[in-house]
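From a predicted model like this one, the values you see are computed outputs, not experimental measurements. The sequence lines fix the lettering, A, B, ..., with proteins before strands; numbering per chain opens at 1.
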2 protein chains.
Amino acid sequence: MKEINNRKTQIITTSATLFEQKGYDACTVRDIANALDIEAASLYHHFKSKEEILSIICFEMAHKLIDAMDETNDIYFNAEQKLRMAIEQHLGIIVNDLSKSAVFLFEWKRLNEPFLSEFKTLRNQYENGFKQIITEGIQEDVFDDVDSKFAVLSVLSSVNWIIEWYKPTGNMKPKEIAEKMSDFVLGGLRKKLVTDSNYKQ
Amino acid sequence: MKEINNRKTQIITTSATLFEQKGYDACTVRDIANALDIEAASLYHHFKSKEEILSIICFEMAHKLIDAMDETNDIYFNAEQKLRMAIEQHLGIIVNDLSKSAVFLFEWKRLNEPFLSEFKTLRNQYENGFKQIITEGIQEDVFDDVDSKFAVLSVLSSVNWIIEWYKPTGNMKPKEIAEKMSDFVLGGLRKKLVTDSNYKQ
DNA sequence: TCATAAACCTAACAAGTGTTAGGCAAATTT
DNA sequence: AAATTTGCCTAACACTTGTTAGGTTTATGA
């Protein structure tokens, strides 16, 4: 019973790659089977449906992100440090598996009930993590008094959009990207302690 | 010859809505026909293929954005004003047709050659508009000396992600969103004229 | 060695896919 | 009034879809 789900893992990984490349709907079970050099019907020994594969990918990523957020919140940090860590963790997880992340970010829409509702709940839970950090920062008076919902969306958009441009062969390492992105985001969030002549307070 | 393409326009609009809702691949020509109360085959009197409809939507949006960018650049403004105007225009166009925009942003991947290459070219052209403004701002010394490619991606991610959360019924008007978003983005971009104790220069 | 389970196979299904051919009726133009 | 165009129809095509049933091979463990 050492690695009972080795084949399962393999199928999921392959599926994620193909789901990303062709889109969930355009990717057929025969495409997946073909990539694994088996017959389409054989997949049904491991999963009961194509949608089950999709759901596993989506939920796995969601839980990874939520766990990372919990970890961030467990350690005591001020809001800025928390935000920096949350961004770094988020980018790290995405960059670590671009295919699954792309599926998590875009293909979850193809889920049907009851998966869909469950997924949305997890997604909300995660986004609330960011919201809480930002709200905290505003209360601590280290962040500008921005509309926190708006700020959350801006932050999430920046960290999520990485999937559209990140290439593992590029010269920027994930940690470096996280740092730059945090600087960029915080440049907008951070309370200006002094009057900047170009900035209307 | 007043409104020769009225029906065509109708089909495109309906298609855009359905492409957004179900995804291009999952949306069948029968779905589109059904929504218009006609038969699937009748669509082929107006278009030669399902893909043609997709391509029209993608290219229409691309050209709208490019035209707006040209307009922005035609008027003399400094970099900050240009960026603000580009963001406002971009958000305005997206919010004005959320379905087509969603298709433009996400479903273009389903295009095949030669559409795909042509689309990518237009997309690049548009993104270069943003890049140029930011580079200009850095040269004018009103923007921080950030990695301009990185800044472009951050800006684009913020303005594009609006599609994931904007609801026309919400209480924020597009112009207001554009303003807040510009403030947010510029907060990060703008050159700090004085030392901020929380900011490592 | 034998039993069990895991992994995969062939064959087939019912339903759905984009698309084409050819025709009919109404509107528009000549 | 005749000719043409526009918009839509029915019927069908060749093919692909996810999935199931039932059987065979391969590995595992007693």
Side-chain angles (χ1 to χ4, degrees), chain A residues 1-59 103 107-116, chain B residues 1-59 103 107-116:
Chain A
M1 214 224 279
K2 37 183 184 178
E3 213 106 346
I4 226 171
N5 45 6
N6 218 348
R7 195 63 171 149
K8 257 183 144 151
T9 308
Q10 211 176 121
I11 295 173
I12 289 171
T13 305
T14 304
S15 299
T17 309
L18 294 173
F19 287 170
E20 181 204 6
Q21 276 171 17
K22 326 183 93 180
Y24 175 74
D25 287 308
C27 171
T28 72
V29 290
R30 282 168 183 82
D31 288 334
I32 300 171
N34 210 38
L36 291 158
D37 256 313
I38 57 174
E39 292 301 311
S42 306
L43 292 170
Y44 289 82
H45 174 72
H46 302 276
F47 305 96
K48 19 187 264 280
S49 69
K50 184 187 168 190
E51 194 187 6
E52 197 196 353
I53 301 180
L54 174 63
S55 72
I56 288 174
I57 297 171
C58 292
F59 288 128
V103 173
E107 301 299 328
W108 63 268
K109 293 173 194 175
R110 308 297 153 227
L111 286 171
N112 294 307
E113 296 296 354
F115 294 121
L116 188 59
Chain B
M1 212 222 281
K2 38 180 184 182
E3 213 102 349
I4 226 173
N5 45 8
N6 219 345
R7 195 62 171 150
K8 257 183 144 151
T9 308
Q10 211 176 119
I11 294 172
I12 290 172
T13 306
T14 305
S15 299
T17 309
L18 293 173
F19 288 169
E20 180 203 6
Q21 276 171 18
K22 325 183 93 181
Y24 175 74
D25 287 307
C27 172
T28 71
V29 289
R30 283 168 182 85
D31 288 334
I32 300 171
N34 210 39
L36 291 158
D37 256 314
I38 58 174
E39 292 301 310
S42 305
L43 293 170
Y44 288 81
H45 174 73
H46 303 276
F47 305 96
K48 19 187 264 278
S49 68
K50 184 187 168 191
E51 193 187 7
E52 197 196 351
I53 302 180
L54 174 63
S55 72
I56 289 174
I57 298 170
C58 291
F59 288 128
V103 174
E107 301 298 327
W108 63 268
K109 294 174 195 175
R110 309 296 153 229
L111 287 171
N112 294 308
E113 296 296 354
F115 294 120
L116 188 58

Which pair of non-hydrogen atoms, one from B/Ile32 and one from B/Thr14, has the smallest distance, and what is that distance?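 Taking every non-hydrogen atom into account, O-CG2, 4.3 Å.
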Considering all heavy atoms of both residues, which atom of A/Val103 and which atom of A/Ala16 are nearest to each other, and what is their separation?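 Answer, listing the atom of A/Val103 first, then A/Ala16: CG2-O, 3.7 Å.
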Readout for nucleotides 13-24 of chain C: B = base within 4.0 Å of protein heavy atom, S = sugar-phosphate only, - = neither; 5' to 3' it is ----BBBB----
Please determine whether a side-chain nitrogen or oxygen atom of [X] lies at a distance below 4.0 Å from atom OP1 or OP2 of [N].
| X | N | result |
| --- | --- | --- |
| A/Ser42 | C/dC9 | yes |
| A/His46 | C/dA6 | no |
| A/His45 | C/dA7 | yes |

Residue pairs passing the ring pair (Phe, Tyr, Trp, His ring centres under 6.0 Å) test where at least one lies in residues 10-31 of chain B, sequence neighbours excluded: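 Applying ring pair (Phe, Tyr, Trp, His ring centres under 6.0 Å) to every pair that reaches into residues 10-31 of chain B, excluding sequence neighbours, yields B/Phe19-B/Tyr24.
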Starting at [atom1] of [X] and ending at [atom2] of [N], how long is that distance when rounded to a whole Å?
| X | N | atom1 | atom2 | answer |
| --- | --- | --- | --- | --- |
| A/Ile32 | D/dT19 | CD1 | P | 10 Å |
| A/Glu52 | D/dT19 | CD | C1' | 14 Å |
| B/Lys8 | D/dG7 | NZ | P | 9 Å |
| A/Asn6 | D/dT28 | CG | P | 12 Å |
| B/Phe47 | D/dT6 | CZ | C1' | 14 Å |
| A/Ile38 | C/dA6 | CD1 | P | 16 Å |
| A/Leu36 | C/dA7 | CG | C1' | 13 Å |
| A/Gln10 | C/dA7 | CD | P | 11 Å |

Name all pairs fulfilling the side chain to side chain donor-acceptor pair (under 3.5 Å) condition that reach into residues 27-43 of chain A, sequence neighbours left out, sorted by first residue then second.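 Sorted pair list: A/Lys22-A/Asp31, A/Thr28-A/Asp31.
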Any side chain to side chain donor-acceptor pair (under 3.5 Å) pairs touching residues 45-59 of chain B, not counting sequence neighbours?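 Found none.
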Can you name the residues that form a side-chain contact (heavy atoms from CB on, under 4.5 Å) with A/Ala41, not counting sequence neighbours?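 Counting only residues at least two positions away or on another chain, A/Ala41 forms no side-chain contact (heavy atoms from CB on, under 4.5 Å).
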My understanding is that only residues two or more places apart in sequence, or in another chain, count here; which of them pass side chain to side chain donor-acceptor pair (under 3.5 Å) with B/Glu20?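 Counting only residues at least two positions away or on another chain, B/Glu20 forms a side chain to side chain donor-acceptor pair (under 3.5 Å) with B/Ser99.
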